[in-house]
Structures are given as C-alpha cells and as structure tokens.
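Everything below concerns the one structure shown next.
The first residue in the sequence is number 1, and the count goes up from there.
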Amino acid sequence: MNQKSIVIYKTWQINIPEDFIMQLGIQEGNTLSCLLEDNEIRLRPEKSDKDPIKYSTASATSLPHTTVSKHPTFQREFRIQCFGNMSVSRNGEQVIFQNKKAKELIAYLLCNGGGPIKNTALAEILWPDTPFTNAMDSLYKVNRYLRNLRMGEESFPIIMEHGEIYLDCRRLCCDLHEFEELYQQREHAEAWGAAVELYRGSVFYDEYYDWIAPYEAYYDIRFLEMTGFLITYYEQAGNRETADYYRLKQDR
C-alpha cells in the first residue's frame with residue numbers, strides 16, 4: 001500500500017482509492033458500515049435486496065487476498081477445497097475441469113472473496129505475457145467454457161456482466177472463506193481449532209500460478225499463528241495431549 005492513503009475529513013467524507021473500491025466490490029450509491037479495530041478501518045458493504053450476490057468485506061489496510069465473502073447459507077450445492085489440492089464437487093460428485101485456465105480463473109476469484117474483478121485486470125493477471133487483445137479473447141473463451149459446463153441441469157456459478165467477473169457465492173462454500181471467517185474470531189480456541197482443521201496444506205499446493213505466492217504466505221502465516229496460540233492455550237490449561245496434537249500439525 002505504498003503511496004496510498006485514505007483521507008477522512010471532519011465531515012466523515014472518506015476518499016477511497018480506486019483499487020480499494022475494486023477490492024471491496026462496491027458501486028456508486030452502495031451503503032457501507034465502518035468498524036475501527038486494531039488500528040484498521042474495516043469497511044463492509046451492507047446487504048441490499050438489489051444486489052444479493054456481490055457482497056464481500058475487506059479491510060482498507062489489508063492486501064486483496066484478505067477479502068472475506070459473506071453470503072447466505074442456502075442453495076450451496078458446490079463445495080470447493082483450496083487448501084492442498086484444489087477440488088470442486090457438486091452435491092458430493094467431483095467436477096472435472098478440462099480447461100486449466102478455467103481452474104486458475106476460479107482459484108483467483110476464490111482468493112479474492114469470489115470477486116467481482118474487472119475483466120481487464122483478470123486478463124492481465126492470468127495471461128501476463130500475452131498481447132492484451134488476445135488475453136481478453138482468451139478470458140471470454142474461458143468464461144464461456146465455465147458457463148457451458150453442465151452438471152445435470154446446472155451450470156457452474158460464474159457470472160460475467162458490466163465488465164466484471166464474479167462467482168455466485170450463494171451457491172457454493174469454500175474452505176478459504178470458512179477459514180477466514182473463523183480466523184476473525186480473535187483467539188477463540190474452538191473457532192481457531194476448526195480453522196486449523198480446514199488447512200490441508202498451502203493453498204493450491206499442486207498448482208504453479210504466477211500470482212499465488214502472496215496468497216500462500218497469507219494463509220500459511222495465519223495457520224502458524226493459530227496453531228501457536230492453540231499450543232500455548234492447551235498447555236496452560238494442562239491439556240498436553242491436545243497441545244501436542246497442534247504441535248504435530250504445525251510441524252507437518
């Protein structure tokens with residue numbers, strides 16, 4: 001965030017840099033709630049019946065991959081595992097992707113809370129060494145592949161509109177988002193224990209995406225933070241067996 005700033009005037013007018021606006025997934029006229037916590041300003045788009053899909057949160061001082069998507073819990077027929085090997089299933093049946101770039105697009109969107117992310121930004125990120133026009137053409141083809149990927153009468157929950165791509169997170173659950181929501185329950189042993197169980201290895205461990213390194217570091221650091229806390233917590237409680245359990249997890 002070098003050379004970036006948010007200016008808050010006495011009238012509580014807040015000027016938000018454009019890249020923050022993209023990270024938050026907000027649009028002109030949206031209402032935001034504001035929370036000051038640990039010297040961070042946390043902005044959260046409030047729910048709106050007009051836009052039930054694009055609902056995400058982000059800390060204004062955090063990296064893009066700290067974004068958490070909060071969505072209703074109904075109709076979540078898709079389950080996506082991102083820690084360790086990437087796995088996508090629908091109602092318990094594995095979804096097979098023949099297009100590697102389709103998997104990468106999904107992976108990047110998930111790391112960023114499901115989106116929305118501008119088409120132009122995605123084209124540059126996923127095809128960094130390709131002329132822009134060709135990269136945009138490739139992006140449209142990948143999106144078409146995903147929209148045409150049929151699972152019975154259902155298609156994959158990806159949406160492209162208004163120059164953006166995002167996932168319909170009302171229809172899916174993802175271990176990255178669950179992990180982040182549990183992590184936000186600061187030093188809560190039960191929540192952090194549940195988050196640690198979701199961690200099966202570094203995010204997309206078997207993939208070699210050019211953009212993945214900061215996301216791997218983000219989740220690995222939080223995993224170590226939580227296991228370290230749990231080791232200390234259970235040692236102080238006199239529960240050495242559980243402390244050793246988390247110590248083994250940390251050392252794997």
Side-chain angles (χ1 to χ4, degrees), residues 1 16-27 30-35 37 40-48 51-76 78-83 86 88 102-122 125-126 139 143 146 156-185 195 198-199 202-204 207 209 211-223:
M1 297 301 175
I16 305 179
E18 184 177 356
D19 55 348
F20 289 154
I21 292 176
M22 291 175 60
Q23 293 168 26
L24 288 165
I26 59 177
Q27 299 178 351
N30 286 164
T31 301
L32 307 181
S33 60
C34 180
L35 173 67
E37 181 178 332
E40 293 184 346
I41 295 175
R42 301 179 183 273
L43 300 176
R44 174 177 300 176
E46 294 185 354
K47 286 187 177 181
S48 169
D51 190 9
I53 298 175
K54 300 181 186 179
Y55 180 60
S56 62
T57 67
S59 165
T61 60
S62 300
L63 294 174
H65 51 271
T66 63
T67 301
V68 182
S69 289
K70 294 186 180 296
H71 303 276
T73 57
F74 56 88
Q75 296 182 344
R76 291 187 174 187
F78 288 90
R79 172 76 187 178
I80 305 180
Q81 173 185 309
C82 303
F83 288 117
M86 184 177 181
V88 181
K103 285 184 66 176
E104 185 175 359
L105 172 59
I106 295 166
Y108 190 81
L109 289 172
L110 289 170
C111 282
N112 288 274
I117 300 177
K118 290 186 179 298
N119 299 345
T120 52
L122 286 168
I125 291 166
L126 300 184
L139 178 64
N143 180 66
L146 286 169
F156 192 80
I158 191 167
I159 299 170
M160 176 185 282
E161 63 180 11
H162 308 308
E164 297 175 327
I165 296 180
Y166 57 97
L167 298 173
D168 182 354
C169 291
R170 299 174 303 176
R171 297 176 55 203
L172 64 85
C173 55
C174 172
D175 56 357
L176 292 187
H177 303 163
E178 293 173 350
F179 180 94
E180 183 67 19
E181 291 176 14
L182 291 165
Y183 173 78
Q184 294 302 324
Q185 300 184 44
L198 291 172
Y199 185 92
S202 294
V203 62
F204 304 122
E207 305 294 345
Y209 301 139
W211 48 265
I212 197 65
Y215 299 88
E216 288 179 328
Y218 174 81
Y219 290 107
D220 290 351
I221 289 170
R222 272 149 182 73
F223 170 76

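Partners of N143 according to the side chain to side chain donor-acceptor pair (under 3.5 Å) rule, which considers only residues two or more places apart in sequence or in another chain, do not exist here. Residues forming a side-chain contact (heavy atoms from CB on, under 4.5 Å) with L182 (at least two apart in sequence, or on another chain): Q185, A191, A194, A195, L198. Remark: Y199 engages D220 in a side chain to side chain donor-acceptor pair (under 3.5 Å) (not counting sequence neighbours). By the ring pair (Phe, Tyr, Trp, His ring centres under 6.0 Å) test, F179 pairs with F83, Y219, sequence neighbours left out.
Considering only heavy atoms from C-beta on, L139 comes within 4.5 Å of N119 through its side chain. A 4.5 Å side-chain heavy-atom check between L167 and F156 finds at least one atom pair inside the cut-off. In this structure, the side chains of E164 and L122 stay at 4.5 Å or more apart for every pair of heavy atoms. Between M86 and Q81 there is no side-chain heavy-atom pair separated by less than 4.5 Å. Residues V203 and Y218 form no side-chain contact, since every pair of their non-hydrogen atoms from C-beta on lies 4.5 Å or further apart. You'll find the side chain of M160 stays beyond 4.5 Å of the side chain of Y166, heavy atoms only. Proximity of C111 to L176: side-chain heavy atoms (C-beta onward) are separated by under 4.5 Å at one or more points. For the pair L109/I165, a side-chain contact is recorded, criterion being any heavy-atom separation below 4.5 Å from C-beta on.
With 3.5 Å as the limit, one finds a donor-acceptor pair spanning the side chains of N112 and Y215. Looking at Y183 and E178, their side chains never bring a donor and an acceptor atom within 3.5 Å of each other.
The two residues D168 and I159 have their closest heavy-atom pair at CB-CD1, 4.1 Å. Of all the heavy atoms in H177 and L110, the pair that sits closest is NE2-O, 3.0 Å. The minimum heavy-atom distance between G114 and C169, with the atom names listed, is CA-SG, 4.1 Å.
Put simply, CD1 on I106 and CD on E104 are 11.0 Å apart, with the number rounded to the nearest 0.5 Å. Atoms CD and NZ, on E207 and K103 in that order, are 4.5 Å from each other to the nearest 0.5 Å.
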For this session: Would you sort out whether L126 and Y209 count as a side-chain contact (heavy atoms from CB on, under 4.5 Å), showing the intermediate values?
Result: CA-CA 9 Å; L126 300 184; Y209 301 139; over 6 Å; no
